[in-house]
Amino acid sequence: QVQLVESGGGSVQAGGSLRLSCVASGFTYNRMGWFRQAPGKGREGIAAILAGASTFYTDSVKGRFTISQDNAKNTVYLQMTNLKPEDSGRYYCAASRDYGSWYREGNYHYWGQGTQVTVSS
């Protein structure tokens, strides 16, 4: 059974940190990504990591967010530091069997249910 389960969301003040986790099961992937959806907006690619450990970030989170993976645990993490109110939204973990543009949600085959992140000023 294919499954992606996110955890680690919550409410923090600006400048705070959170670490999101995504446990994958039932499939193998070439790439895992994190997407964010703010109220009234579409999903935005935040970060991605290839099975070979290359990483990608959208400009707004570079230097603040770090994506990593623990292959033994089939888990991908998103460490978020110096959080800003504009980082608020629902964060989704996604997995792809292929490659292509890492930030396009259409290039991902499996999705988790998401975890909410709220950053207050």
Side-chain angles (χ1 to χ4, degrees):
Q1 180 181 359
V2 174
Q3 199 170 19
L4 289 172
V5 180
E6 303 101 330
S7 62
S11 296
V12 296
Q13 290 190 327
S17 300
L18 286 173
R19 188 176 80 156
L20 307 183
S21 300
C22 174
V23 181
S25 60
F27 65 97
T28 57
Y29 61 86
N30 285 330
R31 179 179 60 210
M32 294 285 283
W34 284 98
F35 285 73
R36 175 173 68 205
Q37 186 168 25
K41 295 187 177 181
R43 280 193 283 211
E44 171 191 18
I46 299 300
I49 187 166
L50 301 183
S54 296
T55 58
F56 307 88
Y57 299 93
T58 193
D59 286 346
S60 64
V61 307
K62 285 180 180 177
R64 300 188 297 121
F65 290 12
T66 303
I67 188 170
S68 61
Q69 61 189 356
D70 183 333
N71 292 328
K73 296 181 179 180
N74 291 329
T75 301
V76 174
Y77 304 97
L78 185 68
Q79 178 67 51
M80 305 186 295
T81 63
N82 192 20
L83 283 160
K84 303 176 181 181
E86 53 264 41
D87 294 320
S88 297
R90 192 160 186 85
Y91 283 68
Y92 295 88
C93 172
S96 174
R97 299 188 302 267
D98 304 316
Y99 295 102
S101 300
W102 69 267
Y103 49 86
R104 295 190 185 280
E105 60 179 303
N107 287 337
Y108 291 81
H109 302 92
Y110 308 113
W111 291 83
Q113 293 301 306
T115 184
Q116 184 68 32
V117 171
T118 303
V119 184
S120 57
S121 57

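If you take CG on Asn82 and OG on Ser17, they are separated by 8.0 Å, rounding to the nearest 0.5 Å. Put simply, OG1 on Thr118 and CZ on Arg90 are 10.0 Å apart, with the number rounded to the nearest 0.5 Å. Taking OG of Ser121 as the reference point, atom CD of Gln13 lies at 9.0 Å (rounded to 0.5 Å). Here the CD atom belonging to Glu86 is positioned 8.0 Å from the OG atom belonging to Ser60, to the nearest 0.5 angstrom. A distance of 9.5 Å separates CD1 in Ile49 from CZ in Phe56, rounded to the nearest 0.5 Å. With rounding to the nearest 0.5 angstrom, the CD atom of Gln3 is 13.0 Å from the OH atom of Tyr110.
Asp98 meets the salt bridge (charged side-chain N to carboxylate O under 4.0 Å, His left out) test with no other residue; sequence neighbours excluded. Residues satisfying the salt bridge (charged side-chain N to carboxylate O under 4.0 Å, His left out) test with Arg64, not counting sequence neighbours, are Asp87. Glu44 pairs by the salt bridge (charged side-chain N to carboxylate O under 4.0 Å, His left out) definition with Arg36, not counting sequence neighbours. Gln37 is linked by a side-chain hydrogen bond (donor to acceptor under 3.5 Å, both in side chains) to nothing, counting only residues two or more places apart in sequence or in another chain.
Between Ser88 and Ala38, the closest heavy-atom pair is O-CB, 4.1 Å. The two residues Gly100 and Asn107 have their closest heavy-atom pair at C-ND2, 3.7 Å.
Between the side chain of Asn74 and the backbone N or O of Ser25 there is no donor-acceptor pair closer than 3.5 Å. Here the side chain of Arg31 pairs no donor or acceptor atom with the backbone of Tyr108 at under 3.5 angstrom. Here the side chain of Glu105 pairs no donor or acceptor atom with the backbone of Gly45 at under 3.5 angstrom. The closest donor-acceptor contact from the side chain of Thr75 to the backbone of Val23 lies at 3.5 Å or more, if one exists at all. In this structure, Thr55 contributes its side chain and Ile67 its backbone to no donor-acceptor pair below 3.5 Å. A donor-acceptor contact shorter than 3.5 Å links the side chain of Asn30 to the backbone of Arg97.
The hydrophobic cluster containing Tyr77 does not contain Tyr57, counting ILVMFWY residues as joined when their side-chain heavy atoms lie under 4.5 angstrom apart, directly or transitively. Hydrophobic clustering (ILVMFWY, side-chain heavy atoms < 4.5 Å, transitive): Tyr92 and Val119 are in distinct clusters.
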Between Leu83 and Phe65, is the side chain to side chain contact (heavy atoms under 4.5 Å, CB included) condition met? List the steps. CA-CA 9 Å; Leu83 283 160; Phe65 290 12; 3.8 Å; yes
Before giving the answer on side chain to side chain contact (heavy atoms under 4.5 Å, CB included), spell out for Met80 and Leu20 the whole-Å C-alpha distance, their side-chain angles and the decisive distance to 0.1 Å. CA-CA 8 Å; Met80 305 186 295; Leu20 307 183; 3.8 Å; yes
Evaluate Tyr99 against Leu50 for side chain to side chain contact (heavy atoms under 4.5 Å, CB included), listing each step before the verdict. CA-CA 9 Å; Tyr99 295 102; Leu50 301 183; 4.0 Å; yes
Go through the steps to decide whether Val76 and Tyr29 satisfy the test side chain to side chain contact (heavy atoms under 4.5 Å, CB included), and finish with yes or no. CA-CA 12 Å; Val76 174; Tyr29 61 86; 4.0 Å; yes
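Tested against Trp111 for a ring pair (Phe, Tyr, Trp, His ring centres under 6.0 Å), the candidates Trp34, Tyr91, Phe35 yield a single pass: Phe35.
The disulfide (SG to SG under 2.5 Å) pairs that include a residue from residues 89-121 are Cys22-Cys93, where partners are two or more places apart or lie in different chains. Applying the disulfide (SG to SG under 2.5 Å) test to residues at least two apart or on different chains, none of the pairs has a partner in residues 45-80.
Within a 6.0 Å sphere centred on CD of Gln116, other residues, nucleotides and ligands contribute more than 12 heavy atoms.
With a 4.5 Å cut-off on side-chain heavy atoms, Val2 and His109 do not count as touching.
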